[in-house]
Amino acid sequence: MAERETPVVFLHRVERRYQQGDATLEILKGAELAVWAGQSVALVAPSGSGKSTLLHITGLLEHPDSGEVYLDGEPTSGLSDAARTRLRRNSVGFVYQAHYLLPEFSALENVMLPQMVRGLSREEARSRATELLSYLGLAERLTHRPAELSGGEQQRVAIARAVSNVPRLLLADEPTGNLDPRTSDHVFHALSQLIRASGLTVVLATHNMEIAARMDRRVTIRDGLIIELD
Ligand code: ADP
Ligand code: MG
């Protein structure tokens with residue numbers, strides 16, 4: 001049998017339930033998903049179906065109740081908290097619906113900081129941050145603070161920050177969900193260019209069918225399982 005490459009993400013029999021008073025909400029009931037290097041996957045499912053839960057589990061922010069999350073073929077359930085944090089910091093970038101930029105810092109500094117935490121020098125971090133922000137069309141906004149940026153600009157800074165440490169995997173949770181349609185389109189365009197140029201592996205939750213249509217694959221969550229669309 002021919003050997004296949006290892007998926008960047010492999011979710012195996014992932015279960016997650018929440019206790020809500022007397023009721024148990026079964027959100028994931030044995031979800032399976034393999035994402036290959038360089039693939040972009042849109043996760044399109046109704047609100048409340050478990051998209052954020054799935055992304056948090058994939059990004060090691062949350063533990064599944066059972067099942068395994070493999071990153072680059074390595075099981076993650078046995079890792080210590082410190083090892084999980086290290087792996088997340090080194091391998092995963094997150095973009096959320098809200099930007100969560102640090103309000104006291106400029107766009108440039110917001111993109112430099114994660115790199116400096118990772119151990120890069122100020123100059124290396126500055127150079128990469130400048131390059132990324134320029135690539136995303138923000139060359140004229142480097143010294144602006146988040147409050148001095150539009151919603152679309154803030155989200156582009158958040159994207160630059162998420163990829164600043166060259167993650168293996170980018171997880172985006174409705175990244176354009178708070179933006180008007182035109183701005184959303186602009187931000188998604190910048191994101192997809194970046195994805196294509198960098199060969200990033202991406203899982204992106206969205207309600208926007210046009211955005212979903214431009215990804216390599218589309219999946220949904222149905223009855224706690226991941227189902228391939230088209
Ligand atoms: P989505 O992102 O698709 O809107 P979520 O993953 O955020 O869905 O949530 C899935 C379901 O799980 C929702 O019904 C939500 O209320 C519930 N849920 C999520 N997190 C928790 C939690 N920490 N405690 C209890 N219920 C939760
Ligand atoms: Mg959500």
Side-chain angles (χ1 to χ4, degrees), residues 9-35 39-71 76-77 81 84-85 88 92-101 151-152 154-159 161-163 167 169-181 183-185 187-188 191-192 195 200-230:
V9 175
F10 178 38
L11 305 180
H12 185 49
R13 294 189 181 175
V14 165
E15 297 183 12
R16 186 73 173 113
R17 58 190 70 85
Y18 296 112
Q19 207 59 42
Q20 194 73 275
D22 285 345
T24 303
L25 299 172
E26 305 266 358
I27 304 302
L28 299 174
K29 299 196 282 192
E32 298 274 333
L33 177 69
V35 185
Q39 252 186 0
S40 57
V41 178
L43 176 56
V44 190
S47 193
S49 59
K51 299 181 300 297
S52 296
T53 301
L54 188 89
L55 292 176
H56 293 160
I57 288 173
T58 304
L60 309 182
L61 287 168
E62 206 175 301
H63 286 276
D65 293 308
S66 71
E68 186 60 86
V69 178
Y70 296 86
L71 293 184
T76 59
S77 60
D81 282 350
R84 280 171 77 84
T85 302
R88 183 187 321 120
V92 186
F94 286 94
V95 186
Y96 300 95
Q97 193 164 349
H99 59 73
Y100 298 120
L101 296 171
Q154 290 167 348
Q155 236 7 18
R156 280 181 281 151
V157 177
I159 290 167
R161 178 186 54 182
V163 301
L169 176 65
L170 181 68
L171 299 174
D173 196 353
E174 304 191 40
T176 61
N178 275 342
L179 305 172
D180 64 75
T183 308
S184 161
D185 212 58
V187 169
F188 180 71
L191 177 60
S192 49
I195 292 170
L200 259 175
T201 307
V202 183
V203 182
L204 179 147
T206 184
H207 287 295
N208 184 324
M209 289 311 292
E210 278 175 49
I211 285 178
R214 280 139 76 184
M215 311 287 278
D216 295 330
R217 276 167 68 193
R218 281 146 293 284
V219 300
T220 191
I221 301 173
R222 201 171 291 151
D223 297 329
L225 300 176
I226 295 172
I227 310 282
E228 207 82 21
L229 297 171
D230 55 60

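Order of appearance sets the numbers: ligands from 1, and atoms from 1 within every ligand.
Looking at heavy atoms from C-beta onward, Gln154 lies out of side-chain contact with Asn178 at the 4.5 angstrom threshold. The closest side-chain heavy-atom distance from Arg222 to Leu229 is below 4.5 Å. Looking only at side-chain heavy atoms (C-beta outward), Leu61 and Phe94 come within less than 4.5 Å of each other. By the 4.5 Å heavy-atom criterion applied to side chains, Tyr18 and Thr53 are counted as neighbours. When side chains are defined from C-beta on, Val92 does not count as touching Pro167, because their heavy atoms never get closer than 4.5 Å.
In this structure, the protein non-hydrogen atom closest to atom 14 (O) of ligand 1 is Gly48 O, 3.8 Å. Nearest non-hydrogen protein atom to atom 8 (O) of ligand 1 is Gly50 N, 3.2 Å. If you check which protein heavy atom lies closest to atom 15 (C) of ligand 1, you get Leu25 CD1, 4.9 Å. Counting protein heavy atoms only, atom 27 (C) of ligand 1 is closest to Tyr18 CD1, 3.3 Å.
When all heavy atoms of Gln155 and Val95 are compared, the pair lying nearest together is NE2-CG1, 4.1 Å.
Proximity of Pro46 to ligand 1, defined as any heavy-atom pair under 4.0 Å, is confined to the backbone N, CA, C and O atoms. With a 4.0 Å cut-off on non-hydrogen atoms, Ile27 touches ligand 1 through its side chain and not its backbone.
For Ser49, the heavy-atom gap to ligand 1 drops under 4.0 angstrom.
Residue Ser52 places at least one N or O, backbone or side chain, under 3.5 Å from an N or O of ligand 1.
Of all atoms in ligand 1, listed by their number and element, those nearer than 4.0 Å to a heavy atom of Thr53 are 5 (P), 6 (O), 9 (O). Counting atoms of ligand 1 from 1 in the listed order, those under 4.0 Å from a heavy atom of Ser47 are 4 (O). Heavy-atom contacts of Lys51 reach the following atoms of ligand 1: 1 (P), 2 (O), 3 (O), 4 (O), 6 (O), 8 (O) (cutoff under 4.0 Å). Atoms of ligand 1 lying under 4.0 Å from at least one heavy atom of Gln20, given by number and element, are 25 (C), 26 (N).
When only modelled atom types and interatomic distance are considered, Thr24 and Gln19 share a side-chain donor-acceptor pair under 3.5 Å.
Using cut-offs of 30° and 60° on the angle between ring planes, the pair His56 and Tyr96 is tilted.
At least one protein heavy atom sits closer than 4.0 Å to atom 3 (O) of ligand 1.
Screening Asp65, Ile27, Val69 for a side chain to side chain contact (heavy atoms under 4.5 Å, CB included) involving Ile57 leaves a single residue, Val69.
Residue contact annotation: Ser52 places an N/O/S atom under 2.8 Å from the Mg ion (ligand 2).
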